[in-house]
Amino acid sequence: MKNLKLFREVPLSLRLNSDDETLRFSALDIERNRLFFLSSHNFIYTSHLSSFHVKEAWSKNSLLSTNYGSVDLEPDDNVTSFDYLMEKEAILIGTSNGLLLLFDVDANVTQVVGNVDGGVNCISLSPDGELLGVITGFGQILVMTHDWDLLYETQLVDDDVVPEGHHVNGENFPEGGFEQYPISWRGDGKYFATMSVCGSNLSRKLKIWDRDSGALLASSEEKAFAGAVLEWMPSGAKIAAVYDKKAENECPSIVFFERNGLERSKFSVGEGINAKVKFLKWNCSSDLLAGLVECENYDAIKIWYFSNNHWYLKHETRYLKQDEVRFIWNQEKSLQLISWTLGGQVTVYNFVWITAVMDNSVALVIDGSNIRVTPLSLSLMPPPMCLFSLKFSSHVRGMAVYCKNSKNQLAVSLSDGSLCVVELPSIETWEELEGKEFSVEASHTEMLFGSILHLVWLDSHTLLSVSHYGFRHSNDLFQTSPNECVLAGFYLQEIELECSEDIVPGMLTYSGWHATVSKQNTLEELVIGLAPNPASKYSAYMQFSGGKIKEYLSKMGTGGGSLEQEYQGFSAACPWMGVALVGSAGQSKPVLFGLDEIGRLHASGGIVVCNNCSTFSFYSNLEDQVTTHLILATKQDLLFIVDIGDIFNGEFDSKYGNFVRINSRKREETENYIHIWERGAKIVGVLHGDEAATILQTTRGNLECIYPRKLVLVSIINALIQKRFRDALLMVRRHRIDFNVIVDYCGWQAFSQSAFEFVRQVNNLGYITEFVCSVKNENVIEKLYKTHVSVPSSEVANAMLAGDLQNCPADNKVSSVLMAIRKALEEHFTESPARELCILTTLARSEPPLLEDALKRVKVIREKELSHADDHKRMSYPSAEEALKHLLWLADGDAVYDAALGLYDLKLTAIVALNAQKDPKEFLPFLQELERMPTPLMQYNIDLRLKRFEKALRHIASAGDSYYDDCMTLVKKNPQLFPLALQLFTDPAKRMPFLEAWGDYLSGEKCFEDAATIYLSCFNLDKALKSYRAISNWSGVLTVAGLLNLGKDEVLHLAGELCEELQALGKPGEAAKIALEYCGDVNSGVNLLISARDWEEALRVVYMHRREDLVKVVKDASVECASTLTNEYEEGLEKVGKYLTRYLAVRQRRLLLAAKLQSEKREGSDIEDDAASEASSNFSGMSAYTTGTRKSSAASTLSTATTRAREARRQRKRGKIRPGSADEEFALMDHLKGMSLRVEARRELKSLLVALMMFGEGETARKLQQMGENFQLSQMAAVRLAEDTISNDTINEYAHTLEQYTRKVRDEMNNSEALSWRIKVFLTYE
């Protein structure tokens, strides 16, 4: 499904030495890109193919720069064969007198290398250049090496069928002209084929020969071959020849043979009976067959293409018959054809394959004078099949499609220079056109359009074309009175269209069109592409050679038909060019994309999107025609769906992995491409909007339509944003997307508010039930589809919200959504069995399932059945049995049984049990036992079974005082019921046991504080005292002792015990309070305050009790403490420096090791997936001192239990620094952080400094403060330095030093809370 487009056509004239001189032969040197021509005067002209790429090549008066030499022959001798021998770097010439000549082009020297009896009819070189075959005038086949050693000779024509006097050079032909008998080699050079005359009737036979032995391997039947046209496909599959069909009153047919000489297939050339195929030639890739066909009024170069067992005529170029045009294919470029005429015009044609699928997803396949039309949105029909076809008066050369504002128009340029226009109806009505063929009339005009090379629409009535006039193959020469002097060269012209017939909706308009050239500009540069500007009605972009882009403004617009300044172009010529409208609907802009011949995909602004692209296309949502995604296929057969925004955000390299296959064990989670299942498949089209499909065509010709998940999700999201819920749901079902996408994209809160609209649009209870069953409590946008779509912005989410979030009926997704759906079902649908079953589904699928509510609805239905309500109303509900079975299908049978039991309806419970297929022996005795119980006891036992303890307590409490013990037992087994029991039993006599039991439970759970409070509320002071003492709450213990009216000695004894306990627990400050306040022991109290380092309080107590003897004790202790702390801070300072130095060394070494491994990884980036994974695992566990290689198998096969055990050991050893371990850096950092001064330490330090000042120990206090300050600043600076370097890849040995960071910390933290313990009198200023 592709068309052959001529994107570059460069004609140049070869200056001959005389006017009567003509060109006869040509040859191509592919190594040095040289063309050789032999003229009728035996001059050899040499030219380079690069001459066709210069800027002046489009000028009518430009001449082909050449060098020439001459070959001297006898007057009666002439050249019969002409080819380039690469091995000799010379031209090989054969003459009618039998000479074999080598002409050295560079030296202009001719050498005679052989002489053949009977003359040379044909010379053909083998594809490998090792051999050459010669057919002599006597019908001999000579095969020799390029060193002129004869290998063998054999007879071309069988002796018994050669007519007497027959000579293969044609003396006995009626015309008396020369007819060449070619030799055609297979692509590998192993075989060659010949064509020879058989018998007096001049019928011919195809023969296949072996290269090495010269043996005849196979021959065809005698057929009426037309001339000696013979061409073996380079791939070796077919041999092409021509049948003469005049006897059958038909035009010639091209026939294909296999190597065994059997006919394989054939097709007609599609011309008149008198047409003649002069020449056939395959291109180097064997996919195109070009032929020179002599028609009645012209000669034509036709190019055919084979696909799906059909031969398509893809291109035709006409020449005047007197020019006797010839052509050759470039042997290295499969889509470059070179033609030349007798008069010396040499034209180079460069073709490209373009997709036949247009922007509106309609396939328009060119086949000679027909265009086969298939709308792929209606039917995926591969050509040659089609929905309908358009028939033209001549062969189609090019076309352009206009599809905007519901208009579908087609403009077609024909090989005879005509222009045809067809207006097509809306695609939805095309099914009525199936199987029809419409003959399209050429548009009426009084002007010549020339030969149209490029053609695009500017608007619905204006075309823009690039045409040429005045060349030997220009269409204007076929018209009467050509104005060659005025119209010479290439032109850019606007063509105005007008239709004189009324356009009938639903019908094709293919006649009555008038065309006029309204504007014409001369072109001075090579134009290789045109593309309309989708953002402007009267604008188009022109691409020149080299990728330069200029914008053309129509005369209908503001530009007056002029070329504006250069647009942002490409860095290379791009034969495939497209324009995408990018951006939001109101702020869109055109962006050009181009694909060059080496597979680089360019975008405007010098961006190279992909370096290995094979084909690309665009996807839009059809609402505003804005392109949202670029679809490209790579040469590695990968299909990528690229967000347009990623290209201009600079994220496509990292996000799409440079468009290559990801070699990773986790690639399933990260890959964002599709593997194209068949090698060489190409993108031919895209179905836009909700279809969201990409159409691929394989090399076999069949079409495959795939639905990339990313595009499908985009189309679903687009429908959700537009609140087209039904379309979104249908797409979800069709493509098997998770239904939660509908809920999750903009949030379940927004969907809950739109639930009624969702139900109204879907209007199908089956679809809604399917949706309800799929709702789950997770966000699939953030998990399942996170690699395909992005989470919507807050603006989009807010736009979807119709009201306040407080209106949401539940606090979780499933419950909220299903409740909203349930309410919408009740409002929108009338009562019916299907609606009731759907509502039951919403109840059963809630989280947690609302089975009781569902059973209540079933119970209502059952009661209506038992009440024998009117039949009409009963028809609006399902039967109770059907509803119950539906509920049991949705939920677990045991859960439904328990829910029915929880309704205390024993009959309903029995029905559920039977439908749930429970054993009657199990449930019937239990239900019968319950039925015999009083109602409160029945409810109590049911609640116990269902573990609904609160309801059980209420029911048993209502059963009477005789069940009080059962209440107590229940509450003790379920302590959470104590508050409820206190509410139910207000009588103090019944309340107090519950309080005491609650206190006992709390004591058993070690909650002594709460237990003491509970004991106090029930006046159990002894247990309250024990509870307070269990948690060392001395104030509570002594308070309760007062409530118990304990004696003074008992209180003193109790206080002494508490003092000892607190001192043992490391709470000397609290013990000191008891010793001073309750025991009156000043000595012990002061000593305890000294132990608590509460120096100021100790001095206050000493002076309050006027104990001068204790002042010296406090002073000595404070001085000793200051000395100890000074030494500790000094040692801590040294440790900070030591740990930091170690940390920097470890960090530096690890960074060097990481850089080395990264370098090795870049050098060996092509390692296997497993090896890459193991290397990653090894690196993650390496220490800074690893020198050997760890065993990857051990690292990769650890079990879960081993991993957990290792993690547990790490947790136990946390805090230890193991030199050389993998986590040594973090251990060092943790140690540095752990050395900081705590709040309590700072408080004690300040108290000590004040006490030293009171004792007159100012110098001691100064030293202590200075050392403590230095330690604290160094520790803070070291931690900050470590935090800064742990996240960096480099360490600056000048900036990352302890001194630099200490200075920074001192400046920043001077007045901070952390340093508020210092006494200002000792502060130093720098």
Side-chain angles (χ1 to χ4, degrees), residues 848 851-853 855-856 859 862-863 894-914 916 918-1008 1010-1027:
L851 298 178
E852 291 190 2
D853 293 340
L855 286 170
K856 288 177 182 178
K859 185 176 179 180
R862 179 170 168 269
E863 291 173 352
D894 292 336
V896 178
Y897 174 78
D898 291 341
L901 200 59
L903 294 176
Y904 312 115
D905 189 335
L906 300 182
K907 294 182 179 180
L908 180 62
T909 305
I911 296 174
V912 171
L914 289 173
K918 284 183 172 293
D919 189 355
K921 294 180 181 179
E922 295 180 0
F923 71 85
L924 276 180
F926 173 68
L927 295 180
Q928 291 171 353
E929 182 183 357
L930 290 176
E931 191 174 14
R932 291 191 292 268
M933 294 180 183
T935 300
L937 287 182
M938 177 197 72
Q939 294 172 338
Y940 167 71
N941 282 279
I942 290 175
D943 292 333
L944 283 183
R945 175 185 174 87
L946 301 180
K947 297 182 180 181
R948 300 190 303 192
F949 300 113
E950 291 187 7
K951 288 187 176 182
L953 180 60
R954 292 181 186 275
H955 288 140
I956 195 64
S958 65
D961 295 339
S962 59
Y963 295 98
Y964 179 80
D965 293 338
D966 294 329
C967 292
M968 180 62 71
T969 303
L970 177 63
V971 172
K972 287 184 177 180
K973 289 182 179 180
N974 301 279
Q976 71 274 12
L977 298 178
F978 276 112
L980 178 60
L982 295 177
Q983 293 179 8
L984 295 175
F985 296 96
T986 56
D987 185 7
K990 298 178 180 179
R991 183 183 179 89
M992 291 303 174
F994 281 105
L995 287 171
E996 186 174 355
W998 194 3
D1000 293 342
Y1001 166 74
L1002 292 174
S1003 295
E1005 294 294 321
K1006 309 297 184 183
C1007 300
F1008 297 108
D1010 295 332
T1013 305
I1014 298 296
Y1015 285 137
L1016 289 174
S1017 65
C1018 64
F1019 305 106
N1020 195 331
L1021 300 180
D1022 291 332
K1023 289 186 177 181
L1025 181 68
K1026 292 179 181 179
S1027 297

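These values consider heavy atoms only, across backbone and side chains, with no hydrogens, waters or symmetry-generated copies.
Taking the side chain to side chain contact (heavy atoms under 4.5 Å, CB included) definition, one finds that P848 meets it with nothing, sequence neighbours left out. Looking at residues two or more places apart in sequence or on another chain, you find a side chain to side chain contact (heavy atoms under 4.5 Å, CB included) between D1022 and N1020, L1044. Here A1024 pairs with Y1015, L1016 under the side chain to side chain contact (heavy atoms under 4.5 Å, CB included) rule; sequence neighbours left out. Under the salt bridge (Lys or Arg N to Asp or Glu O under 4.0 Å) criterion, D1000 pairs with K1023, sequence neighbours left out. For D894, the salt bridge (Lys or Arg N to Asp or Glu O under 4.0 Å) partners two or more places apart in sequence, or in a different chain, are K918. Judged as a side chain to side chain contact (heavy atoms under 4.5 Å, CB included), and not counting sequence neighbours, the contacts of L953 are I956, C967, L970, V971, L977, L980, A981, L984. Every residue two or more places apart in sequence or in another chain was checked for a ring-ring contact (aromatic ring centres under 6.0 Å, His included) with F949, and none qualifies.
With rounding to the nearest 0.5 Å, the separation of CD in Q939 from OG in S958 is 7.0 Å. Note: R932 CZ to L927 CG = 10.5 Å, rounded to the nearest 0.5 Å. Atom NZ of K951 sits about 13.5 Å away from atom CG of L944, to the nearest 0.5 Å. From K856, atom NZ reaches atom CG of L851 across 12.0 Å, with rounding to the nearest 0.5 Å. Summarising the geometry, atom CG belonging to L924 is positioned 11.5 Å from atom NZ belonging to K921; distances are rounded to the nearest 0.5 Å.
Shortest non-hydrogen contact noted between M968 and A997 is SD-CB, 4.2 Å. When all heavy atoms are compared, the tightest approach of A900 to L855 is N-CD1, 3.2 Å. Closest of all the heavy-atom pairs between R862 and I911 is NE-CD1, 3.1 Å.
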Check your understanding: Which is it for Y963 and Y940 under the side chain to side chain contact (heavy atoms under 4.5 Å, CB included) test, yes or no, and what are the steps along the way?
Key -> CA-CA 11 Å; Y963 295 98; Y940 167 71; over 6 Å; no

Check your understanding: Between L946 and I942, is a side chain to side chain contact (heavy atoms under 4.5 Å, CB included) present by the stated rule, with each step listed?
Key -> CA-CA 6 Å; L946 301 180; I942 290 175; 3.9 Å; yes

**Study point:** Pair L930-L901, side chain to side chain contact (heavy atoms under 4.5 Å, CB included): steps then yes or no
**Key:** CA-CA 11 Å; L930 290 176; L901 200 59; 4.3 Å; yes

Practice item. List the steps and the verdict of side chain to side chain contact (heavy atoms under 4.5 Å, CB included) for E996 and I1014. Key: CA-CA 7 Å; E996 186 174 355; I1014 298 296; over 6 Å; no

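Pairs engaging residues 898-913 under the side chain to side chain donor-acceptor pair (under 3.5 Å) rule: K859-D905, Y904-D943, Y904-R948 [sequence neighbours left out]. Pairs of residues two or more places apart, or lying in two chains, that qualify as ring pair (Phe, Tyr, Trp, His ring centres under 6.0 Å) and include a residue from residues 965-993 are Y964-F985, F978-W998, F985-F994. The side chain to side chain donor-acceptor pair (under 3.5 Å) pairs that include a residue from residues 922-931 number zero, where partners must be two or more places apart or lie in different chains. Residue pairs meeting the side chain to side chain donor-acceptor pair (under 3.5 Å) criterion with at least one partner in residues 971-987, sequence neighbours excluded, do not occur; the list is empty. Listed by first and then second residue, the salt bridge (charged side-chain N to carboxylate O under 4.0 Å, His left out) pairs involving residues 953-963 are D961-K990 (not counting sequence neighbours).
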